[in-house]
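Below is one structure, written out as structure tokens; the observations come after it.
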Amino acid sequence: MKLMAKTRNIGISAHIDSGKTTLTERILFYCGEIHKIEDVRGGGDGAKMDHMELEKEKGITITSAATTVWWRGLEGKGTTFAEGVDKETRVNIIDTPGHVDFTVEVERSLRVLDGAILVLCSVSGVQSQSITVDRQMKRYRVPRLAFLNKMDRMGANAFKGRDALVEKLGHNAVLMQIPIGAEDEFKGVVDLITRKAYFFDGDNGETVRVEDCPAELQEQMEEMRSEMIDKVAEYDDDIMEAYLEGNEPSEEDLHKCIKRGVQTLALTPVYMGSAFKNKGVQPLLEAVTRYLPSPLECEKPTAKKETSEGEENITLNPNPDDKLVMMAFKITDEQFGQLTYTRIYQGRLNKGDTVFNTRTKKKTRIGRIVRMNSDDRENIDECHAGDIIALVGVDCASGDTFVGDQDLMDISCEGIHVPIPVIEFSIAAKDKNDQAKLSKGLQRFVKEDPTFHVYTDEESNETRIAGMGELHLEIYVERLKREYGCVVEVGAPQVNYRETITGATSFDYTHKKQTGGSGQFGQVVGELKPLTEEEKDTEAQVFKFHNQIKGGAIPNEFIGACEKGFQDVMDKGPLAAFPVINCEVFLQDGKHHDVDSSDLAFRIASRQAMRQAIKSAGPVLLEPIMKVEVTTPDEYQGTIIGDLSSRRGMIQGSETDPNGEVIINAEVPLSEMFGYSSDLRSFSAGKATYTMEFAKYAECPSNISEKVMAERAEKLASDD
């Protein structure tokens, strides 16, 4: 329990190119895990956490990486932090990708973490992917600290960064520090709690020098300190009452208030620095250990328990002495077998133990347990609640729950939110002899990445891959070449359209078939409706089924078959055979026959009823709309806005950042964005950049809808 209280499981997440991996590299150095700092870009061996060759070449994080460090705190001012680290607080860190195409890596990391650092660029502030990451943190109720990175850059402004957190993300963001200098004059920070100035000396900022606040910042520091106390004191009634009576809170009182605010998700403390210039990282680490929760303090994790009356939520107890419950949140296939990243929520796991997979109902013996440091492994013999470890050679799927006792076989940890793919390519091995390599590689990638889909087109017999964006799929194509020696031919990108209904309609269908012996009989009566705007989930294929049968008109044993029958039709809509989303079925009545009714009969009846109902409910075609953010010099603003508009884009607004560059926000159909990267380069002489992520599905204009349906019909006809 003592070690659990001194453990922090945290993630580092942000918009692409905000400095997450650089920050992690400095944390590793200051905690003594590495003895040489490598840059994300610029030769050398590359950052420790970017261990894939593709990551080093492209200078981006593609897959999340885990590591463990020990932080001893800021006692002993002026010591060298890279030496003689006292193993005081254990911090398990997961460094996640910033590019939206790899967002599932962030999802599954946040699912198992107790806290997080939200990294923002102090020049650009809150960017498009910052909003996505923040939404993911809120989904899993992850307490977080904010770190305004790149304070050494031109245009850096800590106060604007704080304001952006408040205005764009709705955080109660409070500065815990003020900067000493800015841009190329950035020297350090003043801590508002202690009133002390922190400077970072040595070749790599490893020596923290603590002095009194510079005289020229004294007035600003006191003003910001009062503002900070006003906002944090409210998290403790006694401290707030004493403060209102004129008694200033002590340092310990302030720490207590901040910790409570952070752990209730009501407060976001804001820190600042420059990871690249080795400034501000150690105070951030101190805040991680002070304010983010240990496994004992975080919100208790829950699991689903199957009962005779359905599912119920149960609370897991982070106690090493309870029965084992753990969840596999990420898997990778390697040369010596599968590596399964696992969070232990309850109980203890020892090398050689036998555990049970609650999904497959199979038992597995744990042969090897390792603690990960990026791609390096440390063998361990035991671990317990609160640990994030990896299992070697355990066959399972991402999201599987393991328990140590058969009495717990009816529980499962809540799954991970998986966004749906929006783009697909056809893929084939150039050399027929490479077909086996292609198949093996694709099977591995599907197992590792829930957002990467592979299927065979029934009409054309083509193998198709689907994912979150062009970069996502291009990375896998490149990995096939490098890791499997398989060169592939890739077809033009295809948009994943969807279909939905616009009106409500009733259905009444009877399936009756009589041959020799017993026949088939089933009648279903009910209503099909579109979901309301509030019920729609932009990232999932939503279908809701409501059983309103009363009096046994359809026996309970056939209700499941009815639901499956309705669901069967969702895969291919009537317009262009695209999946149907955002509708709900109300099964209200029906008839059965004591002899002739069966699961098959009711499934067929439901299938036919659904087909007829969709056709009469005003079906329409939907297309994926992407949220696009373009950063450009002002001189190209008009050209870029005009081009986005010509692509059927809706301009949401624009703003000018501190560097004088314009940030244009727009929503544009995915079908219009292919080749945009090269077009943007030519418009702007290579000076503009953009990011793009899925926003929602929206109804196609009639001319586009007619064109898509005609092309689809032609394709289906030619395949026949």
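- When all heavy atoms are compared, the tightest approach of K150 to G19 is CE-N, 4.4 Å.
- The salt bridge (charged side-chain N to carboxylate O under 4.0 Å, His left out) check on E222 picks up R195, with sequence neighbours excluded.
- Residues passing the side-chain contact (heavy atoms from CB on, under 4.5 Å) test with S250 are E252, D253, sequence neighbours excluded.
- R225 places a side-chain heavy atom less than 4.5 Å from the side chain of L254.
- The residue from I664, V668, L670 that alone fulfils the side chain to side chain contact (heavy atoms under 4.5 Å, CB included) condition with V628 is V668.
- To the nearest 0.5 angstrom, K6 atom NZ is 4.0 Å from T89 atom OG1.
- Atom CE in M151 sits 10.5 Å away from atom SG in C121 (nearest 0.5 Å).
- Contact annotation: the side chain of F329 never approaches that of R111 to less than 4.5 Å [non-hydrogen atoms, C-beta and beyond].
- Taking CD of Q127 as the reference point, atom CD1 of I663 lies at 6.5 Å (rounded to 0.5 Å).
- A donor-acceptor pair under 3.5 Å is formed between the side chain of R8 and the backbone N or O of T289.
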Go through W71 and Q282 one step at a time and tell me if the side-chain hydrogen bond (donor to acceptor under 3.5 Å, both in side chains) criterion holds. CA-CA 9 Å; W71 174 246; Q282 295 97 322; over 6 Å; no
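- Exactly one residue among D152, D184, D203 makes a salt bridge (Lys or Arg N to Asp or Glu O under 4.0 Å) with K277. That residue is D152.
- The backbone N or O of V270 lies less than 3.5 Å from no partner atom in the side chain of Q177, so there is not a single donor-acceptor pair.
- Partners of N92 under the side-chain contact (heavy atoms from CB on, under 4.5 Å) rule, at least two apart in sequence or in another chain, are T7, N9, T68, R90.
- With contacts defined as side-chain heavy-atom distances shorter than 4.5 Å, the pair Y291/H255 qualifies.
- For the pair K279 and F200, the cation-pi criterion (under 6.0 Å, within 45° of the ring axis) is not fulfilled.
- For the pair S122 and L148, the tightest heavy-atom approach, listed with the atom from each and the gap, is CB-CB, 4.1 Å.
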As a quick check of understanding, evaluate side-chain contact (heavy atoms from CB on, under 4.5 Å) for K687 and T632, giving each step before the final call. CA-CA 7 Å; K687 295 178 182 176; T632 176; over 6 Å; no
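- At distances below 3.5 Å, at least one donor-acceptor pair connects side-chain atoms of Y235 with backbone N or O atoms of A266.
- Within the 4.5 Å cutoff, the side chain of P249 has no heavy atoms near those of the C257 side chain.
- Considering only heavy atoms from C-beta on, L267 stays 4.5 Å or farther from K231 through its side chain.
- Here the closest heavy-atom approach between residue L145 and residue T268 is recorded as C-CG2, 4.4 Å.
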Audit row: K138, R144, side-chain contact (heavy atoms from CB on, under 4.5 Å) steps and yes/no: CA-CA 10 Å; K138 288 174 180 172; R144 85 280 294 186; 3.6 Å; yes
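- Inter-residue side-chain proximity for R647 and D679 is flagged as met; some heavy-atom pair is nearer than 4.5 Å.
- Although no hydrogens or angles enter the test, the distance criterion places a donor-acceptor pair under 3.5 Å between the side chain of D191 and the main chain of I193.
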Output, in order, the C-alpha distance, side-chain angles, deciding distance and verdict of side-chain contact (heavy atoms from CB on, under 4.5 Å) for L118 and L169. CA-CA 12 Å; L118 175 61; L169 299 183; 4.1 Å; yes
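- The stretch residues 625-637 participates, sequence neighbours left out, in these salt bridge (Lys or Arg N to Asp or Glu O under 4.0 Å) pairs: K627-E693.
- By the 4.5 Å heavy-atom criterion applied to side chains, L284 and L23 are counted as neighbours.
- Here the closest non-hydrogen pair linking N157 and F159 is OD1-N, 3.0 Å.
- With hydrogens and angles ignored, the 3.5 Å screen pairs no side-chain donor or acceptor of E667 with any backbone N or O of I625.
- Using a distance-only test at 3.5 Å, with no hydrogens or angles considered, no donor-acceptor pair links the side chain of R209 to the main chain of F199.
- Under the side chain to side chain contact (heavy atoms under 4.5 Å, CB included) rule, L292 has a single partner from I10, V91, V142, L113, which is I10.
- Among residues two or more places apart in sequence or in another chain, the side-chain contact (heavy atoms from CB on, under 4.5 Å) test is passed with A182 by none.
- Not counting sequence neighbours, F683 has no partner by the ring-ring contact (aromatic ring centres under 6.0 Å, His included) test.
- Here the CG-OH distance, from N204 to Y30, works out to 6.5 Å after rounding to the nearest 0.5 Å.
- Scored by the side-chain hydrogen bond (donor to acceptor under 3.5 Å, both in side chains) test, D230 finds Y243 as partners (sequence neighbours excluded).
- A search for salt bridge (charged side-chain N to carboxylate O under 4.0 Å, His left out) contacts involving R162 returns E227, not counting sequence neighbours.
- T656 places no side-chain N or O within 3.5 Å of a backbone atom of E661 that could act as its donor or acceptor partner.
- Note: Y198 OH to C213 SG = 12.0 Å, rounded to the nearest 0.5 Å.
- Residues that satisfy the side-chain contact (heavy atoms from CB on, under 4.5 Å) test with R681, not counting sequence neighbours, are S677, S678.
- By the salt bridge (charged side-chain N to carboxylate O under 4.0 Å, His left out) test, D114 pairs with R343, sequence neighbours left out.
- Nearest heavy atom pair, residue V69 against residue C31, reads CB-CB, 3.7 Å.
- Atoms CD1 and CZ, on I258 and R290 in that order, are 9.0 Å from each other to the nearest 0.5 Å.
- Scored by the salt bridge (charged side-chain N to carboxylate O under 4.0 Å, His left out) test, E297 finds K259 as partners (sequence neighbours excluded).
- Closest approach of M4 to S294, counting heavy atoms only: O-CB, 3.3 Å.
- The shortest distance between side-chain heavy atoms of M154 and V123 does not fall below 4.5 Å.
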For K168 and E655, what are the C-alpha separation, side-chain angles and deciding distance, and is it a salt bridge (charged side-chain N to carboxylate O under 4.0 Å, His left out)? CA-CA 13 Å; K168 293 187 177 181; E655 56 187 286; 3.1 Å; yes
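- Evaluation of the ring-ring contact (aromatic ring centres under 6.0 Å, His included) rule for Y690 yields Y676 as partners, not counting sequence neighbours.
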